[in-house]
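First up is the structure itself, then whatever we jot down about it.
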Amino acid sequence: MSVRCLFSPAARSVVQLSPAAGLLCGRLPARSSATSRSMSSVRQMDHLERTLSNFRQNALYPAQVCGIVDESETVKRLRIAVHPDFSFKAGQWVDFFIPGVETVGGFSMCSSPGLLQREGVVELAVKYTKHPPAHWIHSACTVGSRVAMRVGGDFFFNPAPSDPSVDLLLVAGGVGINPLYSILLHTSGLLHLNHASGGRDYKIGSAHLFYSAKNTQELLFKSSIIEACREFPDKLSCDLHVTQQSADVESHLQPFVSRGRITEEELRSHVDPQRTLCYLCGPRPMIEAISSSLLDFGLPKTRILFEKWW
């Protein structure tokens, strides 16, 4: 279900959100002491505390939910119309403020900056938990719901046309796919720009995605991931893994899906210490194990970037 929602000129003011008062006109500092004082427990502050040292934009922008789909049995994808001045880099997250919900959510965007430029919307894919923001999204959020969002995060891919070419290695576990899917979509968008300009815009290397989930139902965005890889077979590729699949893998997915965890041999085949830039996002044990393997393969620590949501 979706609706078209646009911001009028009157809605272009930046907003500040107080948990008690809802949306108010004003500007929110990057690390608001007022916001901190209003959150009284570790449970309510967990996202803000975990990301206290991360970059944040100063502005908090109004936004409106324009579409909701079930991405899987446990994940809802929100399509959100945002303020015209809203911007982000592929891989970043948002502080997610909900009127009437004191706890601030933290969710990585799963859409590309190109979609924002074309349609004025961003997308979030949120797994069900009892954490108040996620619970609200699954139980109370509707098309037309109004929220506010502030962009943050140091985990992103944002190459300039003058940057040298790199080969991306993207490794995701579970809903850790969200920022990496954004990066993959952004890379695909840059390849489209290069195709239109005859290769004059960006120096784009290859991108390979390893993505592990419990079963194919929980492999979010699998169809569009495969579609992107088929569109640019010389540049984009993927290996999808399922660790607890009991049913047969659907025939159209079989060329891309393997049973079991991502192996060291598979990883090694996609690592060039001189060219590879690796982005990791998933459960802590997975991140630690894969980071250790990449270091053993000779990939410099500075070329291993990870987002951790634990």
Side-chain angles (χ1 to χ4, degrees), residues 1-2 65-80 90-91 93 107-119 121-128 137-138 143 157 168-193 195 204 206-262 266 270 279-283 286 307:
M1 182 178 183
S2 64
V65 177
C66 290
I68 305 173
V69 298
D70 291 328
E71 194 65 33
S72 75
E73 292 181 354
T74 59
V75 175
K76 286 189 180 293
R77 176 153 45 156
L78 303 186
R79 186 174 176 89
I80 303 173
W93 41 256
F107 305 116
S108 294
M109 277 155 291
C110 63
S111 55
S112 71
L115 179 66
L116 173 61
Q117 293 171 1
R118 294 189 303 271
E119 302 184 27
V121 300
V122 299
E123 294 184 340
L124 306 176
V126 180
K127 188 177 181 69
Y128 175 79
I137 286 170
H138 280 260
V143 170
F157 179 60
L168 297 180
L169 176 59
L170 312 175
V171 186
V175 290
I177 186 61
N178 286 343
L180 303 188
Y181 182 56
S182 176
I183 290 173
L184 185 71
L185 291 177
H186 187 48
T187 303
S188 176
L190 296 180
L191 288 170
H192 277 288
L193 287 177
H195 181 75
I204 303 298
S206 65
H208 185 82
L209 170 67
F210 284 106
Y211 177 20
S212 177
K214 291 181 179 179
N215 51 55
T216 54
Q217 173 67 20
E218 293 296 321
L219 285 171
L220 308 181
F221 323 121
K222 53 185 174 290
S223 295
S224 54
I225 289 170
I226 291 170
E227 180 182 350
C229 293
R230 284 176 168 162
E231 186 174 13
F232 297 101
D234 59 331
K235 290 288 188 179
L236 306 181
S237 56
C238 66
D239 282 305
L240 311 178
H241 283 249
V242 289
T243 58
Q244 299 178 29
Q245 179 85 6
S246 56
D248 291 338
V249 174
E250 300 94 318
S251 58
H252 69 284
L253 296 177
Q254 287 178 3
F256 303 93
V257 174
S258 301
R259 293 177 184 268
R261 300 183 183 279
I262 302 164
E266 288 175 308
H270 291 279
Y279 289 84
L280 310 175
C281 189
M286 175 184 178
E307 186 74 281

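Contact detail for E123 and R77: the closest heavy-atom pair is OE1-NH1, 2.8 Å. Across all their heavy atoms, G91 and P179 have their closest contact at O-CB, 3.5 Å. Among all heavy-atom pairs drawn from E73 and E218, the shortest one is N-OE2, 4.5 Å. Residues C110 and A125 share a closest heavy-atom pair of SG-N, 3.7 Å. Nearest heavy-atom pair across E71 and L220 is CG-CD2, 3.8 Å. Closest of all the heavy-atom pairs between L124 and M109 is CD2-CG, 3.6 Å.
Here the side chains of L180 and E307 are not in contact, with every heavy-atom distance at 4.5 Å or above. Contact of the T74 side chain with the V175 side chain is not registered, since no non-hydrogen atoms from C-beta on lie closer than 4.5 Å. K222 is not listed as a side-chain neighbour of V257, based on a closest heavy-atom distance of 4.5 Å or more. Using a 4.5 Å cut-off on side-chain heavy atoms (C-beta onward), N215 and Q244 make no contact. Looking at N178 and C281, their side chains never come closer than 4.5 Å, going by heavy atoms from C-beta outward. Residues R259 and V249 have side chains in contact (heavy-atom distance under 4.5 Å, counting atoms from C-beta outward). No side-chain heavy atom of Y211 sits less than 4.5 Å from a side-chain heavy atom of C238.
Atom OG1 of T216 and atom CG of L240 lie 10.0 Å apart (nearest 0.5 Å). One finds the CG atom of L168 at 10.5 Å from the NZ atom of K235 (value rounded to the nearest 0.5 Å). Taking CD1 of I80 as the start and CD1 of I68 as the end, the distance is 9.0 Å to the nearest 0.5 Å. For the atom pair CG (L209) and CD1 (I225), the distance works out to 5.5 Å, reported to the nearest 0.5 Å. Rounded to the nearest 0.5 angstrom, Y128 OH and S72 OG are separated by 14.0 Å. Once rounded to the nearest 0.5 Å, the distance linking CG of L236 with CD1 of I226 reads 13.0 Å.
Side-chain N/O atoms of Y181 and S108 include no donor and acceptor closer than 3.5 Å.
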F232/H192 under side chain to side chain contact (heavy atoms under 4.5 Å, CB included): CA gap, chis, key distance, verdict: CA-CA 9 Å; F232 297 101; H192 277 288; 3.6 Å; yes
Side chain to side chain contact (heavy atoms under 4.5 Å, CB included) assessment of L219 paired with L253: CA-CA 11 Å; L219 285 171; L253 296 177; 5.8 Å; no
Please test L169 against F210 for side chain to side chain contact (heavy atoms under 4.5 Å, CB included), starting from the C-alpha separation and ending with a verdict. CA-CA 8 Å; L169 176 59; F210 284 106; 3.7 Å; yes
I'd like to know whether V75 forms a side chain to side chain contact (heavy atoms under 4.5 Å, CB included) with K127, so could you lay out the CA-CA distance, the side-chain angles of the two residues, the decisive distance to 0.1 Å, and finally the verdict. CA-CA 4 Å; V75 175; K127 188 177 181 69; 4.0 Å; yes
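No donor-acceptor pair closer than 3.5 Å links the side chain of S188 to the backbone N or O of L184.
The number of heavy atoms from other shown groups lying within 6.0 Å of CG (D248) does not exceed 12.
Of the options H208, H241, R261, a side chain to side chain donor-acceptor pair (under 3.5 Å) to E266 is made by H241 and by none of the others.
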